[in-house]
Each structure stands twice: as C-alpha cells, then as structure tokens.
Amino acid sequence: MAGESGPWSLVSYSSVVQQIHHRINHWYLQNSRDLPWRREGVGGWEVMVSEFMLQQTPVVRVLPVWEEWMRRWPRPQDLAAEPLSEALKAWGRLGYPRRAQRLHAAAVEITTEYNGEVPRTEEALRALPGVGDYTAAAIACFAFGEPTVVVDTNIRRVHARLFGGMALPEPSPRASEFARAKDVQPADRAAANLWNVSVMELGALVCTARSPKCDACPVFEQCAWIAAGQPAPHYTPKGQAWKGTDRQVRGAIMAVLREHDHPVPQDSFLSDLGRQSHATYVALEKLQSESSQRERALAGLLKDGLAVLEDDGVRLPS
DNA sequence: CATTCGTGGGG
DNA sequence: TCCCCAAGAAT
C-alpha cells in the first residue's frame with residue numbers, strides 16, 4: 001500500500017484482505033446498532049443532518065436531537081425557511097453551534113441551488129458549508145451508495161492497528177492514511193459501501209480508543225497491532241483545554257441566548273442563573289469576574305455570526 | 001500544519 | 001475527582 005512497506009505491501013487484494021473484509025462485514029451484520037439514520041428508506045437529508053450532528057459528538061447524545069430535527073424539518077427547505085436562531089435553539093447543547101449555523105446555510109444552498117435535493121456527488125457535497133472530506137464521503141456513501149473512501153476517526157484507528165500495527169493513528173490525518181484506506185477497500189460498489197460502515201462500527205464498538213475489546217474482535221488473528229504485542233502509543237495525546245477558556249465562556253453566552261427571543265442586556269446574563277445547568281453557572285460566574293474575557297468571547301461570537309449586537313442587548317441571529 | 005471551536009458521559 | 005475524547009471543519 002502507498003507509503004508503507006512490510007507484509008501488507010502489494011497484497012491489498014490478497015486472500016488475507018478478503019478474509020478481513022468478510023469477517024468485519026459479517027461482524028457488522030450481526031452486531032451493528034439500529035441507528036435511525038441507517039434504516040431503510042432514509043434519504044440524503046436525514047443522513048446529512050446526522051453527519052453534521054455526529055461531528056465530534058457521541059451517538060447517544062445525537063439521537064434525541066436528530067429525531068426532533070427530522071420531525072420538525074423533514075426537508076432542507078423546511079429548515080431553510082426558518083431563521084438561524086431556531087436552528088441554534090434546536091441544536092440545544094450538542095456543542096459546536098457553528099455546525100448548526102453551517103447546516104442551516106447548507107440547507108439554504110440546497111434549496112436554492114439544488115431544488116431541495118441533497119447533491120449525490122462527493123464533489124458537490126464537499127462544496128457545501130460545514131462539509132469536509134469525511135462528511136462528503138460519508139453522505140455520498142451512506143445515503144447514495146457511492147463507493148467513496150470514508151476516513152473518520154474510527155476507521156483511522158482500526159486501520160492504524162489492523163494494518164499499521166500501531167496503538168493509535170497520528171494526531172492529524174495524513175494523506176497516506178487515505179491512500180491506505182483506498183487501497184484496502186473492496187472494488188465492488190456494494191462491497192465498498194458495506195465495508196465503510198462496518199469498519200466504522202467496529203471502531204466505535206470494539207476497536208475503541210481506550211480499552212479496546214480485542215476478545216470480541218472478528219479480526220484479532222489478522223491484527224498487526226496484536227501481532228506486535230500491542231505496543232503503546234508513540235505519543236501522548238495533548239488534552240483539550242477547557243477550564244477558563246474562551247470556549248467555555250462562549251458556551252455560557254450561547255446557553256443564555258438560546259433561552260431568549262429578545263436581546264439580552266450584557267449586564268443581565270447573571271439574572272438567569274437559576275435556569276442554567278451547573279456547568280453554565282460556573283461559566284457565568286466567570287463572565288462576571290473577568291469582563292475582558294467575556295468581551296473577547298462575545299466578540300468572537302459576533303464575528304462568527306452566532307450572535308448579534310443590538311442597542312438593547314445581544315441576541316441570536318435571525 | 002497547528003489551533004480553535006462545546007458538551008457531557010465514562011474510565 | 002479528573003481526564004479522555006467523540007461519525008471534523010475551517011482557518
């Protein structure tokens with residue numbers, strides 16, 4: 001495979017790889033979760049919304065919000081007809097509200113440029129706001145059966161272990177990983193489709209980042225990481241800073257704005273303490289004590305178009 | 001290429 | 001309790 005020597009070189013379609021295909025696909029058919037966006041008859045819009053929500057957010061937290069969005073906005077036009085503020089409110093506490101902003105913008109673009117039909121090609125999808133390499137490949141594959149090369153964090157981890165013999169993939173995706181994923185993917189269209197979702201599911205349920213369930217793995221015998229004696233990661237992931245960051249304050253401000261239909265005076269953020277979660281309460285105390293950070297965080301939200309400044313306060317964008 | 005950007009459940 | 005990190009994208 002590209003950029004790699006060793007036992008897997010030039011043997012992508014060897015019997016071993018075909019056996020891996022069969023084992024992981026079979027495992028998937030027996031063990032996959034019954035997720036609503038995977039059910040029969042689900043269209044591009046449903047898959048697209050799920051993919052946006054699943055960007056850096058666990059499935060269990062997405063499920064109820066996705067159900068509500070599908071009930072309320074069954075088509076892109078339905079969301080596009082609503083002001084951005086409604087999308088931000090319905091996004092709730094999923095996190096990264098810019099995803100809701102970009103999904104709303106994508107719905108508008110689909111409505112105006114594609115007559116309300118989610119585009120089927122990876123290229124067209126990739127041009128939509130909030131759609132990167134992974135999401136474009138995922139929608140094309142899962143919704144429309146395109147044999148795209150899907151590379152998400154789960155697939156990267158499975159490939160790093162199974163084929164690379166490493167505990168974890170590199171911190172940031174490399175071109176060589178895409179090349180390897182393309183190389184080990186079945187040529188057949190339907191087979192590639194099943195393979196993509198199967199490897200992803202294996203990574204989500206068995207080949208997890210922490211304490212992988214190797215005793216339940218269908219390709220334990222083929223795994224290069226197991227064969228190498230399960231070596232430890234060659235780097236230490238650097239944690240995501242949170243306490244005292246602008247992100248925390250931005251989240252607190254957004255939590256307040258979501259609960260108001262009218263502009264909220266900046267000096268009255270603290271008046272809503274009673275209705276906030278503990279996390280928001282803590283963040284709001286910071287809003288009070290560190291005005292410079294509050295101003296910086298608010299400026300960021302205004303710049304990002306997630307909040308609007310009026311004469312009488314701050315509100316969500318309409 | 002490194003940073004920034006939310007949230008909350010589980011190890 | 002604390003820390004990890006989860007179907008990433010944009011800059």
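Between A/L205 and A/W27, some side-chain heavy-atom pair lies under the 4.5 Å cut-off.
Residue A/W91 contributes atom CH2, which lies 14 Å from atom P of B/dG8 at whole-angstrom precision. As rounded to whole Å, 10 Å separates atom C1' of B/dT7 from atom CZ of A/R247. Note: NZ (A/K243) to C1' (B/dG6) measures 16 Å, nearest angstrom. Between A/L94 atom CG and B/dT7 atom C1' there is a gap of 9 Å when expressed in whole angstrom units. In this structure, A/R296 atom CZ and B/dC5 atom C1' are separated by 14 Å, rounded to whole Å. Rounded to whole Å, the distance from CZ on A/F52 to C1' on B/dC5 is 15 Å.
Of the two residues contacting DNA chain B, namely A/P97 and A/S172, the nearest-nucleotide position lying further toward the 5' end is that of A/S172. Take the nearest nucleotide of DNA chain B for A/V60 and for A/R174: the residue whose nucleotide is more 5' is A/R174.
Spacing of C1' atoms, B/dG6 relative to C/dC4, comes out at 15 Å, to the nearest Å. Look at the C1' atom in both B/dC5 and C/dC5: the space between them is 15 Å, to the nearest Å. Separating the P atom of B/dG11 from that of C/dA7 is a span of 14 Å, rounded to the nearest Å.
In terms of phosphate contacts, A/R250 brings a side-chain nitrogen or oxygen within less than 4.0 Å of OP1 or OP2 of B/dG6.
Side chains of A/E170 and A/H234: a donor-acceptor N/O pair is present below 3.5 angstrom, by distance only.
Annotation for A/H262: atom NE2 does not count as buried by contact number, only 12 or fewer foreign heavy atoms lying within 6.0 Å.
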For nucleotides 4-11 of chain C, just jot down a letter per nucleotide in 5' to 3' order: B, S or -, based on protein non-hydrogen atoms under 4.0 Å.
BBBBBSS-
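Ion pairing of A/E201 with A/R38 is present here, as a side-chain N (NZ or NE/NH1/NH2) and a carboxylate O approach within less than 4.0 Å. The residues A/D304 and A/R98 are annotated as salt-bridged, a charged nitrogen and a carboxylate oxygen being separated by less than 4.0 angstrom.
At a threshold of 4.0 angstrom between heavy atoms, the contacts of A/P171 with the nucleic acid are absent.
Residues satisfying the side chain to side chain contact (heavy atoms under 4.5 Å, CB included) test with A/L298, not counting sequence neighbours, are A/I253, A/Q266, A/L302, A/V314. Partners of A/P64 according to the side chain to side chain contact (heavy atoms under 4.5 Å, CB included) rule, which considers only residues two or more places apart in sequence or in another chain, do not exist here.
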